[in-house]
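Have a look at the structure below before the remarks.
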Amino acid sequence: MGLEQCCYVFTKLIRILTRLDVPVHPYPYLVFQQVKYPNPFLWTALIRGYAIQGPLSESVVLYNRMRREGTGPVSFTFSALFKACGAVLDVNLGRQIHAQTIVIGGFASDLYVGNTMIDMYVKCGFLNCGRKVFEEMGERDVVSWTELIVAYAKHGDMDSAGELFQGLPVKDMVAWTAMVTGYAQNARPREALQCFEKMQEVGVETDDVTLVGVISACAQLGAAKYANWVRDVAEKSGFGPTENVVVGSALIDMYSKCGSVEEAYKIFEGMKERNVFSYSSMIVGFAMHGCAHAAMQLFHEMLKTETKPNKVTFIGVLTACSHAGLVEQGRQLFLTMDKCFGVAPSADHYACMVDLLGRAGQLEEALELVGTMPMEPHGGVWGALLGACRIHGNPDIAQIAANHLFELEPNRIGNYILLSNIYASAGRWDDVSSLRKLMRKKGLKKNPGCSWVEAKKGVIHEFYAGDTSHPKSIEIKQTLDDLLDILKAHGYQPILSSVTYDVSNEEKRRILMSHSEKLALAYGLLSTDAGCLIKIMKNVRICEDCHAFMCSASQATGREIVIRDNVRFHHFHDGACSCGNFW
DNA sequence: GTAGGGTTAG
């Protein structure tokens with residue numbers, strides 16, 4: 001066998017072994033040593049092997065040895081090294097190799113080398129360096145563009161991503177998908193859908209990856225109309241939930257977020273293959289809807305399978321326990337998650353535990369738990385504690401939590417409002433007003449409460465508190481007044497403490513009746529057929545009075561009412577709520 | 001050899 005042939009065969013062999021995940025040590029390395037005069041491809045196969053499996057230092061050692069022994073690298077050598085630097089986020093080494101490509105000459109302008117270099121910089125968080133490489137490349141292809149588009153999207157800069165995309169001469173499916181997904185990931189679901197429509201208009205194929213982006217956009221819109229539409233699209237294009245585990249999991253999440261946990265479970269049941277995403281999405285879905293028992297049952301079912309729970313699964317079960325008041329079960333899970341399942345509790349899991357204890361009224365213990373955390377508590381942890389203080393009316397611990405929150409999240413308006421509500425409930429109006437002053441000084445404005453309801457044909461109607469701009473405003477007011485009379489006869493009493501302004505009781509009653517979800521409910525009653533479920537979405541937490549009002553309304557009208565606030569779903573049915581008055 | 005995907009708490 002000649003030298004070239006010999007190198008060729010051995011290179012192939014090493015590549016195959018690497019692909020089979022056989023450790024580079026010892027066999028591929030032994031193969032390599034059999035060859036007296038390795039050519040660049042053989043060197044590179046081995047360098048690549050170490051680059052993929054680690055340690056990266058070993059591939060660099062080999063690269064240097066190769067140079068010393070007089071063999072020149074090929075572009076493939078650099079691609080492998082950049083890929084590895086990107087994987088371990090070693091930008092310094094990446095820069096050194098970048099410099100090499102310039103010194104040796106010819107490689108810096110190579111398409112593959114350039115593309116892997118962009119990817120390396122971007123992965124390490126040096127977007128501008130990636131952009132610079134892109135600008136200086138002699139030749140670019142759709143891969144170079146897409147890498148940057150994705151990088152901008154991940155940085156939340158959809159405008160730059162869009163600009164690049166505009167300038168991309170030939171847009172393929174992957175590039176389009178990057179845009180659709182980018183919009184979805186940046187909470188711009190409408191633009192994601194528009195982008196998807198355009199993609200279809202110009203005749204670009206779509207696949208399951210595209211669909212997942214679209215499904216995520218629909219989940220954010222939370223409307224049944226879009227949910228059913230995208231499911232249809234998925235099934236018609238041959239990527240239905242039965243066959244495709246990723247599409248299936250995305251659909252489970254979407255239906256949960258659109259208010260239909262039943263539909264989500266149907267998808268789950270119909271899936272041929274389930275993985276940790278499918279289980280976790282379903283468990284989180286159950287938890288969101290207050291179905292704690294179902295969440296726990298599914299978790300135990302999961303434990304009987306090969307699928308191992310991960311950190312998100314535990315977020316799901318802990319949230320379920322928290323909303324159902326299952327303190328002991330939650331405590332057990334928290335204690336065993338590391339020991340039995342190898343999932344070390346993160347700050348997020350601590351936040352769940354603080355929530356669990358806090359909701360159950362064990363505020364002191366919750367505060368103690370924060371003190372034992374092995375990491376710095378983040379906003380979620382203190383936020384959970386503050387939320388619990390609102391439920392149980394504890395302004396002192398609230399103050400501790402709020403002080404941390406004001407440091408950690410100085411611009412998050414919700415924290416100020418929560419504390420202000422806690423002060424107001426305790427009648428500490430002086431504290432309320434000094435907090436208001438602080439908010440004014442910081443230029444923070446209250447996020448107006450808003451609710452929307454899906455009427456016939458999926459048309460969405462939006463209401464703000466005290467809103468009279470709807471064309472049927474007068475009828476809405478009338479419906480609401482009539483309903484109020486009926487509910488009062490059923491025993492409903494307005495909960496005046498839900499108004500956190502220091503005003504007369506009469507004024508409080510008036511304010512309560514102008515809350516946006518009540519307007520949305522009245523419109524829902526007006527615009528849908530009797531017996532029809534009414535689904536309301538809102539952007540802030542539902543107040544206690546509205547919650548009681550909805551409970552009573554579900555009984556008096558015989559309607560099922562579903563409200564999604566910023567955190568979870570409330571199912572009102574026959575005078576009770578799925579959250580067990582626990583939110 | 002290079003580019004796009006799903007679940008996360010207040």
Side-chain angles (χ1 to χ4, degrees), chain A residues 15 44-45 48 51-52 74-83 86 110-120 122 141-151 153-154 172-182 184-185 207-216 219 244-254 256-257 275-285 287-288 310-316 318-319 322-323 346-356 358-359 378-388 390 401 405 409 412 414-415 418 541 566-568 583:
Chain A
R15 282 192 196 165
T44 300
R48 180 168 169 273
I52 291 172
V74 291
S75 59
F76 194 10
T77 322
F78 289 116
S79 317
L81 288 167
F82 283 131
K83 192 180 170 121
D110 182 276
L111 182 61
Y112 284 127
V113 174
N115 282 349
T116 42
M117 211 171 352
I118 294 177
D119 195 49
M120 181 273 298
V122 160
D141 65 358
V142 64
V143 176
S144 341
W145 295 81
T146 309
E147 278 174 334
L148 271 184
I149 288 171
V150 169
K154 294 235 155 98
D172 68 0
M173 177 169 74
V174 179
W176 275 101
T177 302
M179 286 302 292
V180 172
T181 308
Q185 287 170 343
D207 67 1
D208 48 344
V209 184
T210 323
L211 282 168
V212 166
V214 183
I215 293 169
S216 154
N244 191 303
V245 64
V246 183
V247 169
S249 305
L251 285 174
I252 291 172
D253 171 61
M254 179 193 73
S256 301
K257 286 179 178 158
N275 62 17
V276 65
F277 283 91
S278 333
Y279 276 102
S280 304
S281 298
M282 197 61 243
I283 289 171
V284 169
M288 225 183 340
N310 68 9
K311 55 187 181 170
V312 181
T313 323
F314 281 102
I315 299 274
L318 288 175
T319 317
S322 165
H323 290 307
S346 69
D348 296 338
H349 297 105
Y350 276 93
C352 290
M353 281 310 286
V354 169
D355 192 57
L356 174 75
R359 276 173 203 274
H378 61 212
V381 176
W382 293 116
L385 190 60
L386 187 63
R390 183 199 66 94
L405 283 168
E409 308 170 336
R412 194 158 164 146
N415 297 330
L418 259 180
R541 196 199 286 256
N566 54 342
V567 225
R568 53 183 283 111
W583 81 101

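Sequence lines set the chain letters: A, B, ... in the order given, protein chains first and strands last, and positions in each chain run from 1.
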Report task. Check every strand shown and say whether A:Ser75 touches a base, only sugar-phosphate, or nothing at a heavy-atom separation below 4.0 Å. Result -> base
Query raised in the report: At what distance, to the nearest 0.5 angstrom, does OG1 of A:Thr116 lie from CZ of A:Phe76?
Result: 10.5 Å
Requested in this report: For A:Asp253 and A:Ser256, test the side chains for any donor-to-acceptor distance below 3.5 angstrom and give the result as yes or no.
Outcome: no
Query raised in the report: Got a donor-acceptor contact below 3.5 angstrom from the A:Asp348 side chain to the A:Ala351 backbone?
Result: no
Requested in this report: Side-chain contact test, heavy atoms from C-beta onward, threshold under 4.5 Å: evaluate it for A:Asp141 versus A:Asn115 and give yes or no.
Outcome: yes
Query - Interatomic spacing from CG in A:Leu405 to NE2 in A:His378 - rounded to 0.5 Å - result: 10.5 Å
Report summary line: In B/S/- notation (B base, S sugar-phosphate only, - none; protein heavy atoms under 4.0 Å), nucleotides 3-10 of chain B written 5' to 3' is BBBBBBBB
